[in-house]
Amino acid sequence: MKKLILLFGLTAINLSGYAEQSEPMMIENAAIKAISPNGKFAVSQGSTGLRILELSPDNENSQYNESDYEEYYSGDGNCVSDNGVVVASTPNNPNALYWKDGEWHSLQHPSNALTSNHAQGISADGSRICGNLRISGMGNDDDVLMVIPCVWNAEGNGYGKPVLLPHPDLDYADRVPQYITAIDISADGKVIVGQIRDAQGILNYPIIYKENENGEWSYDIPYEYLINPDKLEIVPYPGEGPAMPQFESFMTSEEIEAYNIVYNEYVSSGYQIPCPEYWEFMTPEEIAAYNEAADIYNEKAIAYNKKFEAWADFIFSIIETSPSYAFNQVRISPDGKTIGCTVEVTGERDPLTGFPSIENSVWLLDLTCDKISKYDKDGDLNIYYIANNGIGIGTTSAGTASNSYILQDENVIDIVNWMNSKVPEYASWIKENMIYQYEKEVFDEKTGNYDLIYTDDVLTGRATATPDFSIVSLSVENIWDGMDDGIAYIFDLKAAGAVNTVRTSSEEMSIYDLAGRKLKSATAPGIYIINGEKKVVR
């Protein structure tokens, strides 16, 4: 059996906080999905369920508290607030849920809501939760909206009734979409991002909800011009095709009963005798009436097929030319200015499976201007978090030997290299300690096949952070036996002396040494006055 090999002697979690700033806090059996903006709480979500963690790194008597919930699923957005409220759902409860003061509570939902309601994200102060209500199931009529977006506002010691968010009635093809969701929420709770899933359940694209100063909500489809970029004229959906005539409609009850007797004998014989035909039990007049109905059906079917083919050509043209946003993989920055999406592209055919591969890249969409920043890493990069100033974190796919990257200024930066520019001691620690043995696919150019080999290499896992990157977590998944969730590492960059971790390239820093001389940078070890504050660079 393949095993995870740790090249350090970790036997227990250090509960005394960050005793040494060059080493992270290590938490066994954890896969950190989100950290509260103030860095005090974290949510772990993995194969063993949901865990709620309280982190207190600055207190000598700090505690590491956990709660395990095997059948609970945390929200896909920022699911934990500064006061420790966690939003989630579970298949055993029709309501969306929130965890507060050590217990789970149900969020209210309208009487027409079904099961699978979800709480997805929560504002930094815990005053607003965004999520989705399941109001219909899939029926015979495909044109039915199954999921609608909403918010729950804090009321008393809990939350009030859901407030439905405004949304379009039709998708890009003038059909009723399947889902319209609300997934992630800004820190102030006034900007929410979700997705529209088209009527076919194939194409997803983002939707933004904004609250104005009067408390009124509106929606917008950001970068809508990317959908149907060739501006094709909408071909209307032709609806359901004509109904084929049935023999039974032209037969008497006695004739149907006689047919059924012979048919049952045919089945009882083990299908050895001839199978009966309906027309053998019909009068010539009934057969003529059926044939007349069949001729009318054939004419309608030919006309319908032409309309359907024209509509299908239109839909596939849209799908081929529009971005294919991955379902539920959309995030918003805490400042509400940037959204991030995983975009799927059909790649080359996989020689092992025979099916085309799906290559993922990350797009960061600036909501303040018409700017898209695109990031790719060997066709396997997924959005995981966006900090303020539009800096993203991307990871390779779950269930693989995952690694994380900082996405900034059109550059995909390995998180170890990024960490080295902030706290070199942390980067050195990662290189020395986060080494794992795992299987890796290597393409053999001679044979044209992929070979599986064992390798020892640094894995940074899946990363997330606080909005200012003062705290960063790396969670290395256990992909070897699935019995636990691997190990999470919490890096306190602020305590380790890192400064202005999310400073954009356009921002200037005011840097002085202790002699009062202005400097261009503070790279050498020492004490500096940076933007009016004393900072130690190690």
Side-chain angles (χ1 to χ4, degrees), residues 4-36 38-48 51-58 62-66 80 384-385 387 393-396 398 400-406 413-438 456-466 468-480 484-498 501 538:
L4 169 132
I5 299 178
L6 300 181
L7 301 187
F8 52 83
L10 176 63
T11 58
I13 300 169
N14 180 4
L15 301 185
S16 62
Y18 303 92
E20 297 183 20
Q21 294 176 354
S22 61
E23 295 186 4
M25 175 186 287
M26 295 175 283
I27 307 174
E28 292 181 300
N29 192 24
I32 303 299
K33 183 176 182 179
I35 303 174
S36 62
N38 61 5
K40 291 185 178 181
F41 301 94
V43 173
S44 170
Q45 181 77 70
S47 60
T48 58
R51 302 174 68 195
I52 300 170
L53 315 174
E54 181 179 351
L55 310 173
S56 304
D58 298 325
S62 63
Q63 296 293 314
Y64 160 69
N65 300 322
E66 63 171 287
V80 57
Y384 207 69
Y385 181 74
I393 294 179
T395 69
T396 52
T400 67
S402 301
N403 283 292
S404 291
Y405 303 87
I406 300 296
I413 307 167
D414 185 281
I415 203 162
V416 179
N417 295 333
W418 178 86
M419 190 75 79
N420 188 61
S421 70
K422 305 300 177 183
V423 183
E425 293 89 347
Y426 276 161
S428 297
W429 189 94
I430 292 172
K431 292 176 183 178
E432 294 174 3
N433 294 280
M434 294 179 64
I435 301 175
Y436 299 85
Q437 184 182 86
Y438 62 96
D456 291 332
D457 205 353
V458 171
L459 291 182
T460 54
R462 300 168 74 78
T464 189
T466 53
D468 61 355
F469 275 96
S470 60
I471 294 179
V472 175
S473 72
L474 301 178
S475 298
V476 180
E477 297 170 88
N478 182 350
I479 61 173
W480 297 267
D484 60 55
D485 290 323
I487 296 181
Y489 306 86
I490 310 293
F491 298 84
D492 190 331
L493 276 68
K494 185 176 181 180
T501 51
R538 302 179 187 276

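When reading the values below, keep in mind they use all heavy atoms of this one structure, side chains included, and skip hydrogens, waters and symmetry mates.
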Can a donor-acceptor pair be found between the side chains of Thr460 and Asn403 at a distance below 3.5 Å?
yes
Looking at the rings of Tyr426 and Trp418, which for Trp means the six-membered one, are their centres under 6.0 Å apart?
no
Looking at every heavy atom in both Val472 and Ala465, which two are closest together, and how far apart are they?
CG2-CB, 4.0 Å
Please round to the nearest 0.5 Å and tell me the distance separating atom CD1 of Ile32 and atom CG of Leu53.
4.5 Å
Kindly compute the distance separating CD1 (Ile471) from CG (Leu493), expressed to the nearest 0.5 Å.
9.0 Å
Just by distance, do the side chain of Asn433 and the backbone of Trp429 share a donor-acceptor pair under 3.5 Å?
yes
Nearest 0.5 Å, please: how far is OH in Tyr489 from CE in Met25?
14.0 Å
Does Ser402 reach the side chain of Leu459, with side-chain heavy atoms less than 4.5 Å apart?
no
Kindly compute the distance separating CG (Leu474) from CD1 (Ile415), expressed to the nearest 0.5 Å.
5.0 Å
List in chain and number order the residues that pass side chain to side chain donor-acceptor pair (under 3.5 Å) with Ser36, two or more places apart in sequence or in another chain; answer none if no residue qualifies.
Asn38
Any Arg51 side-chain heavy atom under 4.5 Å of Asn29 side chain:
yes
Is the backbone of Gly461 close enough, under 3.5 Å, to the side chain of Ser404 for a donor and an acceptor to pair up by distance?
yes
Distance check, rounded to the nearest 0.5 Å: Met434 atom CE versus Met26 atom CE?
10.5 Å
From Ser44 OG over to Ile27 CD1, what is the distance, rounded to the nearest 0.5 angstrom?
8.5 Å
Who passes side chain to side chain contact (heavy atoms under 4.5 Å, CB included) against Ala34, sequence neighbours left out?
Asn78, Cys79, Val80
Just by distance, with hydrogens left out, do Arg462 and Ser475 show a side-chain donor and acceptor under 3.5 Å apart?
no
Do Val476 and Tyr436 come within less than 4.5 Å of each other through their side chains, counting heavy atoms only?
yes
With side-chain contact (heavy atoms from CB on, under 4.5 Å) as the criterion, how do Tyr384 and Lys33 come out once you've worked through the C-alpha distance, each side chain's angles and the decisive distance to 0.1 Å?
CA-CA 9 Å; Tyr384 207 69; Lys33 183 176 182 179; 4.1 Å; yes
Nearest atoms (heavy-atom pairs only) where Asp414 meets Tyr405:
CA-CD2, 3.5 Å
Are Phe491 and Ser473 close enough that some pair of their side-chain heavy atoms sits under 4.5 Å apart?
no
